[in-house]
Amino acid sequence: MSPADDILESRQKDVLKSVIRAHIVTGEPVGSQTVSRGAGLDLSPATIRNIMAELEEHGLLVQPHTSAGRVP
């Protein structure tokens, strides 16, 4: 079991996986709209943004600058 398994909820894990996949494919920061469209999650972009902010607080994502998406 990884440390992330202890601190993350199911939907946080789903969003993190989606961000990682999209980042691997594009090599670019990933925004909430991209995750919302491509991940098959039944979450709004606003909810995804909030989850991404939580993941950033855990140190799992970084936002290179204010108007960018986030990277793992």
Side-chain angles (χ1 to χ4, degrees):
M1 186 180 292
S2 76
D5 289 332
D6 294 336
I7 60 173
L8 297 181
E9 297 174 5
S10 175
R11 63 186 197 166
Q12 288 174 321
K13 289 177 188 178
D14 292 340
V15 169
L16 181 59
K17 288 176 190 176
S18 297
V19 171
I20 291 169
R21 283 187 196 111
H23 181 66
I24 288 171
V25 169
T26 66
E28 299 290 328
V30 180
S32 58
Q33 191 78 23
T34 301
V35 174
S36 175
R37 288 182 188 151
L41 303 174
D42 190 25
L43 301 171
S44 71
T47 300
I48 292 170
R49 270 192 303 281
N50 289 335
I51 293 170
M52 291 170 79
E54 293 168 1
L55 293 170
E56 193 172 358
E57 289 175 9
H58 288 299
L60 299 169
L61 296 179
V62 177
Q63 190 172 23
H65 53 83
T66 304
S67 63
R70 290 176 173 88
V71 295

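Just so we're clear, the structure is a prediction, and the values are computed from it rather than from any experiment.
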Is Val71 linked to Leu60 within one hydrophobic cluster, defined over Ile, Leu, Val, Met, Phe, Trp and Tyr using a side-chain heavy-atom separation of less than 4.5 Å?
->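 Per the 4.5 Å side-chain linkage, Val71 and Leu60 are not co-clustered.
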Under 4.5 Å between side-chain heavy atoms, hopping through other hydrophobics if needed: is there a path connecting Val30 to Leu41?
->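 As far as the 4.5 Å side-chain criterion goes, Leu41 and Val30 are connected within one cluster.
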Spacing of Ile51 atom CD1 and Arg11 atom CZ [to the nearest 0.5 Å] |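 Between atom CD1 of Ile51 and atom CZ of Arg11 there are 4.0 Å.
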Using side-chain contact (heavy atoms from CB on, under 4.5 Å) as the criterion, list what pairs up with Ser36, not counting sequence neighbours.
->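 Once residues adjacent in sequence are excluded, the partners of Ser36 under the side-chain contact (heavy atoms from CB on, under 4.5 Å) criterion are Pro45, Ile48.
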Residues two or more places apart in sequence or in another chain: which of them pass side-chain contact (heavy atoms from CB on, under 4.5 Å) with Arg37?
->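 Counting only residues at least two positions away or on another chain, Arg37 forms a side-chain contact (heavy atoms from CB on, under 4.5 Å) with Gln33.
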Excluding sequence neighbours, so at least two apart, what forms salt bridge (charged side-chain N to carboxylate O under 4.0 Å, His left out) with Arg70?
->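 With sequence neighbours excluded, Arg70 shows a salt bridge (charged side-chain N to carboxylate O under 4.0 Å, His left out) to Glu56, given in chain and number order.
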Within residues 40-52 or reaching into it, pairs that qualify as side chain to side chain donor-acceptor pair (under 3.5 Å) - sequence neighbours excluded =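 Listed by first then second residue: Ser32-Arg49, Ser44-Thr47.
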Would you mind writing out the side-chain donor-acceptor pairs for residues 18-28 within the sub-3.5 Å range, not counting sequence neighbours?
unit_1 : atom_1 : unit_2 : atom_2 : d
Ser18  : OG     : Asp14  : O      : 3.0
His23  : ND1    : Glu28  : O      : 2.9
Thr26  : OG1    : Ala22  : O      : 2.9
Thr26  : OG1    : Glu28  : N      : 3.1

